[in-house]
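Below: one structure, written as structure tokens.
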2 protein chains.
Amino acid sequence: MTRERPLRADAARNRAALLAAASEAFAAQGLDASVADIARRAGIGKGTVFRHFPTKDDLLAAVVLDRIDVLAELAQELLGAPEPGEALLQFMEAAAGQQRHLDLSFLRDAAGVNEMLDGTRSELFTAITALVDRAKEAGAIRSDITGMDVILLMCAPNHVVTFVPDAPPDLWRRYLSIIFDGLRPEGARPLPAVS
Amino acid sequence: MTRERPLRADAARNRAALLAAASEAFAAQGLDASVADIARRAGIGKGTVFRHFPTKDDLLAAVVLDRIDVLAELAQELLGAPEPGEALLQFMEAAAGQQRHLDLSFLRDAAGVNEMLDGTRSELFTAITALVDRAKEAGAIRSDITGMDVILLMCAPNHVVTFVPDAPPDLWRRYLSIIFDGLRPEGARPLPAVS
DNA sequence: CCGTAACCGGACCGCGCGGTCAACTTGATA
DNA sequence: TATCAAGTTGACCGCGCGGTCCGGTTACGG
């Protein structure tokens with residue numbers, strides 16, 4: 001497809017440093033960390049950032065793509081786990097443990113700016129749905145839960161924790177645990193009809 | 001205390017319009033809606049905004065203060081309700097139903113920029129704690145839940161719903177219901193120890 | 001070792017933001 | 001109705017952002 005010449009040694013090095021720095025910066029200061037600051041963290045010039053990624057959004061997309069990749073792979077693995085309920089919980093824990101502020105950013109761009117991102121994303125979606133279906137069949141979670149529910153809820157802990165100052169780094173576990181409990185079928189009240 | 005002369009008629013009108021417009025704008029575009037835009041919505045000049053509120057943050061604080069007031073009053077009322085569990089659920093529904101994007105903004109400013117805000121806020125905090133305690137005594141929720149847990153979790157639905165495009169306006173009910181189920185004591189697994 | 005294409009960097013641009021100000025308008029008061 | 005403090009306004013300022021660009025630098029094939 002796209003003629004892809006190998007990167008020059010220094011270019012590859014810079015690109016890697018840039019991605020790492022961007023990940024750090026987004027996690028630390030939210031997604032409106034300035035490009036200049038990211039470049040500073042990476043020890044490169046601002047111009048170089050835009051050489052590698054034409055737009056700040058493209059840089060963000062690249063960072064997010066990495067996360068999605070990892071999660072998709074994990075979801076695939078966990079499809080073979082013996083305990084479907086436990087597998088789903090493990091997946092949600094991995095997802096919630098991801099870097100902050102990137103939470104749901106991979107849902108942001110409705111119109112696929114980046115094809116590759118869209119591809120991996122839908123891959124992740126179907127994997128999650130499969131994970132959820134297995135958990136439902138095993139009776140580990142109630143039957144009216146959807147993959148989208150899981151995606152949305154698994155990101156909530158990371159977000160709410162953002163607002164408590166000096167939070168212990170694993171406070172999110174507390175809220176994920178509560179939320180996961182809410183998915184269980186025992187004594188579940190019917191979900192409100194949503195128009 | 002502070003010598004407070006009554007506002008002139010037009011000033012009062014403008015202030016009301018401004019607050020309403022700000023509430024709209026923040027809900028529609030998030031808290032970085034521009035002051036210029038808010039002024040436009042209110043049909044007044046940008047300068048007038050800064051006459052009423054020296055800073056954009058002060059304007060936001062005023063909007064948030066209104067919400068907190070309403071919630072604090074409601075929490076107080078619900079303390080007399082017959083069913084403590086149901087009362088807590090009702091409160092969380094009211095809180096989650098609040099305007100979007102303002103979710104947890106009242107936790108933001110650690111150092112109290114605005115004394116009045118701090119006062120009403122702590123009032124709300126204690127009322128919520130009381131509500132939670134009653135629900136615990138009645139066995140409606142598990143005993144290791146704190147007021148802070150409720151505050152954080154009641155804001156989650158509104159946030160996650162932000163990311164699904166064309167969401168029905170009451171989709172948040174679905175997620176609040178799930179989360180509230182997670183608070184119940186039946187078959188609760190122990191909460192992970194948080195360092 | 002050399003030529004060159006790829007790469008790097010930081011000065012530079014336009015924009016929109018929060019906030020200021022001095023000239024103007026208006027509602028309360030006597 | 002005359003007076004004037006209170007209120008209003010939009011042009012204006014400085015700043016930091018995302019993004020551009022060209023002169024200097026560097027890795028790599030021949």
Side-chain angles (χ1 to χ4, degrees), chain A residues 2-64 101-102 105 108-109 113-114, chain B residues 2-64 101-102 105 108-109 113-114:
Chain A
T2 51
R3 208 74 197 86
E4 198 76 10
R5 296 198 37 186
L7 281 178
R8 233 169 65 175
D10 55 346
R13 222 181 317 120
N14 279 342
R15 188 190 157 97
L18 172 56
L19 280 172
S23 181
E24 274 179 40
F26 285 140
Q29 319 171 208
L31 349 79
D32 41 49
S34 75
V35 173
D37 186 64
I38 293 174
R40 219 174 299 122
R41 279 177 187 259
I44 64 180
K46 197 169 69 156
T48 308
V49 175
F50 288 102
R51 161 159 287 269
H52 286 287
F53 302 96
T55 264
K56 185 187 174 181
D57 281 337
D58 290 313
L59 173 57
L60 175 59
V63 172
V64 169
H101 293 293
L102 301 180
S105 48
R108 271 329 228 152
D109 42 325
V113 273
N114 188 326
Chain B
T2 52
R3 209 73 196 84
E4 198 78 8
R5 298 198 37 188
L7 280 178
R8 233 168 62 177
D10 56 344
R13 222 182 316 123
N14 279 342
R15 189 191 156 96
L18 171 55
L19 280 172
S23 180
E24 275 179 40
F26 285 139
Q29 318 171 209
L31 344 75
D32 40 49
S34 77
V35 173
D37 186 64
I38 293 174
R40 220 173 299 122
R41 280 176 186 258
I44 64 180
K46 194 169 69 157
T48 307
V49 175
F50 288 101
R51 164 156 209 91
H52 286 286
F53 302 96
T55 263
K56 184 187 174 180
D57 281 337
D58 291 312
L59 172 57
L60 175 59
V63 172
V64 170
H101 293 294
L102 301 181
S105 48
R108 269 329 227 154
D109 41 325
V113 273
N114 188 326

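Here is the naming used below: chain letters follow the sequence lines, and residue numbers restart at 1 for every chain. These figures come from a predicted structure and were not determined experimentally.
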Notebook entry, point to check: Under 4.0 angstrom, heavy atoms only, what part of the nucleic acid is Asn14(A) near: base, sugar-phosphate, or nothing?
Noted result: sugar-phosphate

Notebook entry, point to check: OP1, OP2 of dG7(D) versus side-chain N and O of His52(B): anything below 4.0 Å?
Noted result: no

Notebook entry, point to check: When you measure from the side chain of Lys56(B) to the backbone N and O of Ser34(B), does any donor-acceptor pair fall under 3.5 Å?
Noted result: no

Item checked: Separation between CG of Leu59(B) and NE2 of His52(B), rounded to the nearest 0.5 Å -> 10.5 Å

Note to self: Using side-chain heavy atoms (C-beta onward) and a distance below 4.5 Å, is Thr55(A) in contact with Phe50(A)?
What the structure shows: no

Next item on the list: Using the closest heavy atom to pick a nucleotide of DNA chain C for each, name whichever of Arg40(B) or Pro54(B) lands nearer the 5' end.
Entry: Arg40(B)

Next item on the list: For Ala36(A) and for Thr48(A), find the nucleotide of DNA chain D with the closest heavy atom, then tell me which residue's nucleotide is more 5'.
Entry: Ala36(A)

Is there any protein nitrogen or oxygen under 3.5 Å from a nitrogen or oxygen in nucleotides 27-30 of chain D, and what are the pairs?
| residue | atom | partner | partner atom | Å |
| --- | --- | --- | --- | --- |
| dC28(D) | OP1 | Ala9(A) | N | 3.0 |

Check: Going by modelled atom types, is there a donor-acceptor pair between the base of dG19(D) and the side chain of Lys56(A) at under 3.5 Å?
Finding: no

Note to self: Under the rule for salt bridge (charged side-chain N to carboxylate O under 4.0 Å, His left out), what residues qualify as partners of Arg40(B), not counting sequence neighbours?
What the structure shows: Asp37(B)

Quick one: which protein N/O atoms are closer than 3.5 Å to N/O atoms of nucleotides 22-24 of chain D? Pair and distance per line, please.
none

Next item on the list: Mind running a 4.0 Å heavy-atom check of residues 17-25 of chain B against DNA chain D and sending the residues that fall below it, in number order?
Entry: none

Only distances under 3.5 Å count here; give the side-chain donor-acceptor pairs of residues 9-29 of chain B to other protein atoms, sequence neighbours excluded, each with its distance to 0.1 Å.
| residue | atom | partner | partner atom | Å |
| --- | --- | --- | --- | --- |
| Asp10(B) | OD1 | Arg8(B) | NE | 3.3 |
| Asp10(B) | OD2 | Arg8(B) | NH2 | 3.1 |
| Ser23(B) | OG | Arg67(B) | NH2 | 2.4 |
| Ser23(B) | OG | Gln99(B) | NE2 | 3.1 |
| Glu24(B) | OE1 | Arg41(B) | NH1 | 3.1 |
| Gln29(B) | OE1 | Arg41(B) | NH2 | 3.2 |

Checklist line | Distance in angstrom units between Lys46(A) NZ and dG19(D) P, rounded | finding: 10 Å

Notebook entry, point to check: If you walk 5' to 3' along DNA chain C, what is the first nucleotide with an atom under 4.0 Å of a heavy atom in chain B, and what is the last?
Noted result: dC17(C) to dA28(C)

